[in-house]
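Predicted, not measured: the structure shown is a model, and the values here were computed from it.
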Amino acid sequence: QVQLVESGGGSVQAGGSLTLSCAASGYDYSFAFMAWFRQAPGKEREGVAAVYSSGGGYTFYADSVKGRFTISQDKAKNTAVLQMDSLKPEDTAMYYCAAKIVPDSRAWWVVAGYTYWGQGTQVTVSS
């Protein structure tokens, strides 16, 4: 059974940094896509960043985080890391790791395109 477990959330002041990690278990091969999503209270879940592992490691970012967040993947360990710098109060949300085994035609930020999800880790940025 595939499981994704996030870690690294917490509270930080604006301008600070946090590193989120996603560890996968129950699957012995590399996921086609690993991604990070976030959901703030009262808002829909939105894509933050993704790495297209079977596509040469190409990365995708939401416009709101470009230049501040960096996603990386360790294929051998099936982990994904989200380095978040220059954090802003509007980055406050529950952050979720997601993964899919087979790439499809849906855009990387489509929630329904991912088969596996973690339980989430809270990120709070104070001003």
Side-chain angles (χ1 to χ4, degrees):
Q1 181 176 356
V2 176
Q3 287 188 319
L4 303 179
V5 178
E6 303 96 336
S7 61
S11 297
V12 66
Q13 290 192 327
S17 299
L18 283 173
T19 303
L20 304 184
S21 296
C22 173
S25 61
Y27 184 63
D28 294 333
Y29 305 95
S30 296
F31 293 105
F33 268 86
M34 293 191 78
W36 287 94
F37 285 75
R38 66 186 181 188
Q39 188 167 19
K43 295 188 177 181
E44 293 187 351
R45 191 168 297 192
E46 63 174 1
V48 175
V51 55
Y52 183 16
S53 180
S54 58
Y58 195 81
T59 55
F60 303 85
Y61 296 95
D63 288 343
S64 59
V65 306
K66 280 181 182 176
R68 301 188 298 121
F69 291 11
T70 304
I71 188 171
S72 60
Q73 182 187 26
D74 184 332
K75 293 175 65 174
K77 297 181 180 179
N78 245 350
T79 60
V81 173
L82 185 68
Q83 176 64 40
M84 305 187 295
D85 298 318
S86 302
L87 283 161
K88 304 176 180 180
E90 50 263 45
D91 294 318
T92 295
M94 185 71 79
Y95 282 70
Y96 298 90
C97 178
K100 54 183 166 182
I101 294 174
V102 180
D104 54 36
S105 60
R106 286 173 286 196
W108 69 269
W109 42 262
V110 175
V111 172
Y114 291 83
T115 307
Y116 305 105
W117 290 86
Q119 293 299 308
T121 185
Q122 178 67 38
V123 171
T124 302
V125 184
S126 58
S127 57

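- Screening residues 6-21 for salt bridge (charged side-chain N to carboxylate O under 4.0 Å, His left out), with sequence neighbours left out, gives no hits.
- Minimum interatomic distance between Ser127 and Ala14 (heavy atoms only, all atoms of both residues): CA-CB, 4.3 Å.
- Of all heavy-atom pairs between Phe69 and Tyr61, the closest is O-CE2, 3.2 Å.
- A single hydrophobic cluster is not seen to contain both Tyr27 and Val5; linkage of ILVMFWY side chains at heavy-atom distances under 4.5 Å, directly or through other members, places them apart.
- For the atom pair CD (Gln119) and CE (Met94), the distance works out to 9.5 Å, reported to the nearest 0.5 Å.
- One hydrophobic cluster holds both Leu4 and Val102 under the rule that ILVMFWY side chains link at heavy-atom gaps under 4.5 Å.
- Glu46 meets the salt bridge (Lys or Arg N to Asp or Glu O under 4.0 Å) test with Arg38; sequence neighbours excluded.
- Looking at residues two or more places apart in sequence or on another chain, you find a side chain to side chain contact (heavy atoms under 4.5 Å, CB included) between Thr124 and Ser11, Thr92, Gln122.
- Legend: residues meeting side-chain hydrogen bond (donor to acceptor under 3.5 Å, both in side chains) with Thr59, ordered by chain and number and at least two apart, are absent.
- Hydrophobic clustering keeps Tyr29 apart from Phe33 (ILVMFWY residues linked when any side-chain heavy atoms are closer than 4.5 Å, directly or through intermediates).
- Atoms CH2 and CD1, from Trp36 and Ile71 in turn, are 8.0 Å apart once rounded to the nearest 0.5 Å.
- Among pairs with a residue in residues 77-127, those fulfilling disulfide (SG to SG under 2.5 Å) read Cys22-Cys97, at least two apart in sequence or across chains.
- Gln83 is linked by a side-chain hydrogen bond (donor to acceptor under 3.5 Å, both in side chains) to Thr19, Asp85, counting only residues two or more places apart in sequence or in another chain.
- Every residue two or more places apart in sequence or in another chain that forms a side chain to side chain contact (heavy atoms under 4.5 Å, CB included) with Tyr58 is listed here: Tyr52, Phe60.
- Counting only residues at least two apart or in different chains, side-chain hydrogen bond (donor to acceptor under 3.5 Å, both in side chains) contacts with residues 97-109 comprise Lys100-Asp104, Asp104-Arg106.
- For Ala35, the side chain to side chain contact (heavy atoms under 4.5 Å, CB included) criterion is met by Phe37, Ala50, Tyr114, not counting sequence neighbours.
- Taken from CE in Met34 to NZ in Lys75, the straight-line distance is 12.0 Å, to the nearest 0.5 Å.
- Legend: residues meeting side-chain hydrogen bond (donor to acceptor under 3.5 Å, both in side chains) with Ser53, ordered by chain and number and at least two apart, are Gln73.
- Val123 meets the side chain to side chain contact (heavy atoms under 4.5 Å, CB included) test with Leu18, Leu20, Met84, Tyr95, Val125; sequence neighbours excluded.
- The minimum heavy-atom distance between Phe31 and Ala24, with the atom names listed, is CE1-CB, 3.5 Å.
- Scanning both residues, Thr79 and Ala23, for their nearest heavy atoms gives CG2-CA, 4.0 Å.
- Put simply, Trp117 and Val48 are part of two different groups of oily side chains (I, L, V, M, F, W, Y) that touch within less than 4.5 Å, one to the next.
- By the salt bridge (Lys or Arg N to Asp or Glu O under 4.0 Å) test, Lys66 pairs with Asp63, sequence neighbours left out.
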